[in-house]
Amino acid sequence: MSVLWVTPVTPQVCGSLLSCTDRVKRKTSLSQGLIYVVRVNQGIAIIINECTNLCFKMSSAEEEKVVVVTGGTGLVGLGLQHVINEINPPNEKWIFLSSKDADLTNTEETRALFKKLQPTHVIHVAAMVGGLFRNMKYKCDFFRINMKMNDNVLEICKELKVKKVISFLSTCIFPDDVVYPLDEKMIHDGPPHDSNYGYAMAKRMVDVMNKVYHEQYGCNFTAVIPTNIFGPHDNFNLEDGHVLPGLMRKVHDAKRDGTPFTVWGSGKPLRQFIYSRDLARLIIWVLQDYNEISPIILSPDEEDEISIKDVAQLIVEAFDFKGEVLFDTSKADGQYKKTASNKKLRSYQPNFKFTPIRQGIRETVDWFIENYEVARK
Ligand code: NAP
Ligand code: GFB
């Protein structure tokens with residue numbers, strides 16, 4: 001049984017098509033649009049309306065996919081859970097792991113767990129992660145812990161003949177002294193920014209491992225390279241977390257305490273931010289349809305790059321904060337910019353619509369206010 005066809009249609013055409021078929025297999029809403037899955041003869045037809053511009057192929061007769069997500073309880077992992085719960089793809093069992101299931105730096109624990117789960121596909125999200133200030137403080141831990149986790153997961157996936165592994169890199173791993181924008185070919189063209197040297201070098205080795213596992217064993221191991229990610233379930237700890245959750249935490253507390261809101265650094269550095277739920281939808285597409293060993297940058301367009309000062313202003317507006325905004329220039333600015341080109345992604349997904357940053361920030365602030373007591377802080 002196979003997918004007969006996938007076609008974007010206007011809502012009107014969608015309506016009339018559906019009125020003449022009673023074999024609606026499932027209706028799935030995906031934040032920006034509706035997807036109808038209908039059965040036609042021996043196959044499955046997917047009708048999507050033009051809002052989403054992203055389609056998911058589903059097949060019914062194939063062997064069930066067992067997709068294991070390491071790091072399933074963090075910012076990215078919970079973003080994936082959110083979208084998978086929305087889509088609920090047939091014939092796919094998704095298992096989201098945390099460090100409580102196994103410490104991935106421990107080879108035997110990792111092997112025992114993966115042997116028990118028997119994944120057909122692995123999305124290796126887990127890592128020791130942190131913002132600028134944590135990276136600067138624990139360079140050796142970031143290198144050693146991430147090297148161990150990545151080596152264990154890829155070697156055990158090779159042993160178990162896992163069909164596909166997607167690992168996570170980051171745009172901060174690229175060389176610091178380059179001509180922007182960054183593209184996938186530039187990963188090893190010089191040292192990364194010193195602030196995240198340990199993390200960056202461990203992540204670069206994942207790209208090396210994907211290549212050598214493919215050449216020696218034919219493994220289908222690839223990687224994605226997201227820019228700075230944000231969204232619900234982020235780490236709002238001021239020392240360890242990234243800039244957006246850090247700023248949200250500080251505005252929240254400043255509003256509560258009637259104190260000024262302090263942005264660290266000059267506010268001049270530039271960043272591209274991808275919303276965790278957009279990233280999740282792209283990861284699902286990579287799992288299904290991206291068939292290269294070479295990595296792919298997952299980033300909004302270059303023109304969406306924004307300064308720390310301007311993004312702080314969006315957060316001030318989202319909280320309706322009226323207090324004083326200060327800049328503490330005694331704090332590091334880190335890398336001035338890491339402008340990434342998403343040309344490769346756009347060659348595959350020309351119409352993918354990213355959530356506007358103002359809307360993503362609004363949804364994340366609403367989530368943080370509602371979950372302040374339980375959020376990671
Ligand atoms: P996160 O929120 O810190 O989540 C990390 C996840 O990894 C958690 O589920 C954690 O489990 C798990 N984990 C950590 N240490 C582990 C260990 N020793 N054994 C097993 N599991 C372990 O991280 P994130 O922001 O979602 O990042 C996800 C991936 O994206 C990482 O590979 C990161 O390098 C990459 N990335 C992140 C960003 C960003 O801006 N956040 C940007 C680019 C790339 P527990 O919940 O049990 O602790
Ligand atoms: O997200 P972030 O910590 O890391 O952003 P990077 C740092 C930038 O935000 C710096 C400014 O320019 C900081 O001066 N900033 C302002 C703040 N206020 C705050 C705040 O309250 N908290 C934080 N954290 N920053 C990381 C890499 O680089 O990017 C990681 O170190 C990872 O390894 C991550 O790759 C995606 O964007 O500079």
Side-chain angles (χ1 to χ4, degrees), residues 69-80 96-106 109-110 113 123-136 138-139 142 145-146 148-150 152-153 166-174 192-200 202-203 206 223-231 233-251 261-274 276 279-280 283 297-299 307-309 311-312 315 327-338 340 376:
V69 180
T70 72
T73 48
L75 166 67
V76 172
L78 289 162
L80 257 174
F96 294 89
L97 303 178
S98 83
S99 60
K100 296 183 187 62
D101 298 297
D103 173 359
L104 298 177
T105 64
N106 179 313
E109 267 187 43
T110 309
L113 178 63
I123 303 181
H124 177 36
V125 177
M128 177 180 174
V129 176
L132 169 65
F133 302 97
R134 193 181 190 207
N135 266 273
M136 291 195 313
Y138 303 108
K139 289 180 187 171
F142 269 99
I145 290 171
N146 285 317
K148 276 197 186 140
M149 271 200 246
N150 301 333
N152 284 336
V153 170
I166 304 169
S167 294
F168 272 66
L169 311 181
S170 169
T171 52
C172 79
I173 76 170
F174 283 100
H193 191 266
D194 186 57
S195 63
N196 44 58
Y197 189 83
Y199 172 86
K203 288 286 188 180
V206 172
V224 294
I225 317 174
T227 52
N228 290 48
I229 312 165
F230 75 101
H233 307 284
D234 207 335
N235 183 355
F236 295 83
N237 177 285
L238 292 180
E239 287 310 315
D240 293 352
H242 291 94
V243 58
L244 287 196
L247 296 175
M248 290 174 187
R249 167 86 184 280
K250 287 190 278 187
V251 177
F261 157 47
T262 304
V263 180
W264 292 343
S266 68
K268 293 197 181 93
L270 302 169
R271 298 286 184 269
Q272 286 154 293
F273 294 102
I274 185 166
S276 61
L279 179 64
I283 298 296
I297 291 173
L298 300 181
S299 159
S307 73
I308 301 296
K309 181 169 180 287
V311 81
I315 294 169
F327 288 83
D328 175 356
T329 52
S330 71
K331 292 270 186 182
D333 267 348
Q335 206 166 4
Y336 174 64
K337 69 177 187 176
K338 33 186 170 175
R376 279 186 289 173

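This is a predicted model, so every value here is computed, not measured. Each ligand, and each atom within it, is numbered from 1 in the order the structure gives.
In this structure, a donor-acceptor pair under 3.5 Å is absent between the side chains of H124 and S167. A donor-acceptor pair shorter than 3.5 Å can be found between the side chains of D333 and S266.
Geometrically, ligand 2 and N135 share a nitrogen or oxygen pair separated by less than 3.5 Å. Looking at ligand 2, you'll find an N or O of L132 within less than 3.5 Å of one of its N or O atoms.
When hydrogens are left out, the protein atom nearest atom 23 (O) of ligand 1 is V129 CG2, 3.5 Å; that is the closest non-hydrogen contact. Shortest contact from atom 26 (C) of ligand 2 to any protein heavy atom: K338 NZ, 3.8 Å. Considering only non-hydrogen protein atoms, atom 10 (C) of ligand 1 sits nearest to T73 OG1, 4.1 Å. Annotation: atom 2 (O) of ligand 1 to nearest protein heavy atom, R376 NH2, 2.8 Å. For atom 11 (C) of ligand 2, the closest non-hydrogen atom on the protein side is W264 O, 3.7 Å. Looking only at heavy atoms of the protein, atom 13 (N) of ligand 1 is closest to A126 CB, 4.0 Å. Among protein heavy atoms, the minimum distance from atom 30 (O) of ligand 1 is reached at F168 CD2, 3.4 Å. Ranking protein heavy atoms by distance to atom 8 (C) of ligand 2, first place goes to I308 CD1, 4.0 Å. Closest to atom 37 (C) of ligand 1 among all protein heavy atoms lies I229 CD1, 3.5 Å.
One option in C172, S98, G79, S99 has a heavy atom closer to atom 22 (C) of ligand 1 than any other, and that option is S99. Of the listed options H242, M149, R271, H242 places a heavy atom closest to atom 41 (N) of ligand 1. Closest heavy-atom approach to atom 33 (C) of ligand 1 within the set F96, Y199, F230: this belongs to Y199. Closest heavy-atom approach to atom 29 (C) of ligand 1 among the candidates V69, L244, V125, N150: V125. Heavy-atom proximity to atom 18 (N) of ligand 1, evaluated over D234, D103, D240, is greatest for D103.
Heavy-atom contacts of N228 reach the following atoms of ligand 2: 1 (O), 29 (O), 36 (C), 37 (O) (cutoff under 4.0 Å). If you number the atoms of ligand 2 from 1 as listed, the ones under 4.0 Å from a heavy atom of G241 come out as 24 (N). Of all atoms in ligand 2, numbered sequentially from 1 with element shown, those under 4.0 Å from a heavy atom of D333 are 10 (C), 12 (O), 14 (O). Atoms of ligand 2 lying under 4.0 Å from any heavy atom of L247, numbered from 1 in the order shown and given with element: 18 (N). When each atom of ligand 2 is checked for a heavy atom of P269 under 4.0 Å away, the hits are 12 (O). Which parts of ligand 2 touch A332 is read off a 4.0 Å heavy-atom cut-off, strictly below it: atoms 13 (C), 14 (O). For ligand 2, the atoms closer than 4.0 angstrom to any heavy atom of N196 are 27 (C), 31 (O), 33 (O). Residue R271 has at least one heavy-atom neighbour below 4.0 Å for each of these atoms of ligand 2: 6 (P), 37 (O), 38 (O).
Proximity of I225 to ligand 1 is not established, as no heavy-atom distance is less than 4.0 Å. Residue contacts with ligand 2 do not include S266, since none of its heavy atoms lies under 4.0 Å from the ligand. Residue K250 places a heavy atom under 4.0 Å from ligand 2. Proximity of S195 to ligand 2 is not established, as no heavy-atom distance is less than 4.0 Å. Under the 4.0 angstrom criterion for non-hydrogen atoms, C172 is in contact with ligand 2. At least one heavy atom of T227 lies less than 4.0 angstrom from ligand 1. At least one heavy atom of N228 sits under 4.0 Å from some atom of ligand 1.
Enclosure of atom NZ in K331 by more than 12 non-hydrogen atoms of other residues, nucleotides or ligands within 6.0 angstrom is indicated. Within 6.0 Å of CZ on F327 lie more than 12 heavy atoms contributed by other residues, nucleotides or ligands.
A donor-acceptor pair under 3.5 Å is formed between the side chain of R134 and the backbone N or O of V129. Side-chain N or O atoms of N152 include none that pairs as donor or acceptor with a backbone N or O of M149 at under 3.5 Å.
For A102, every heavy-atom contact with ligand 1 shorter than 4.0 Å involves the backbone, none the side chain. When heavy-atom distances to ligand 2 are checked against a 4.0 Å cut-off, V243 comes that close through both its backbone and its side chain.
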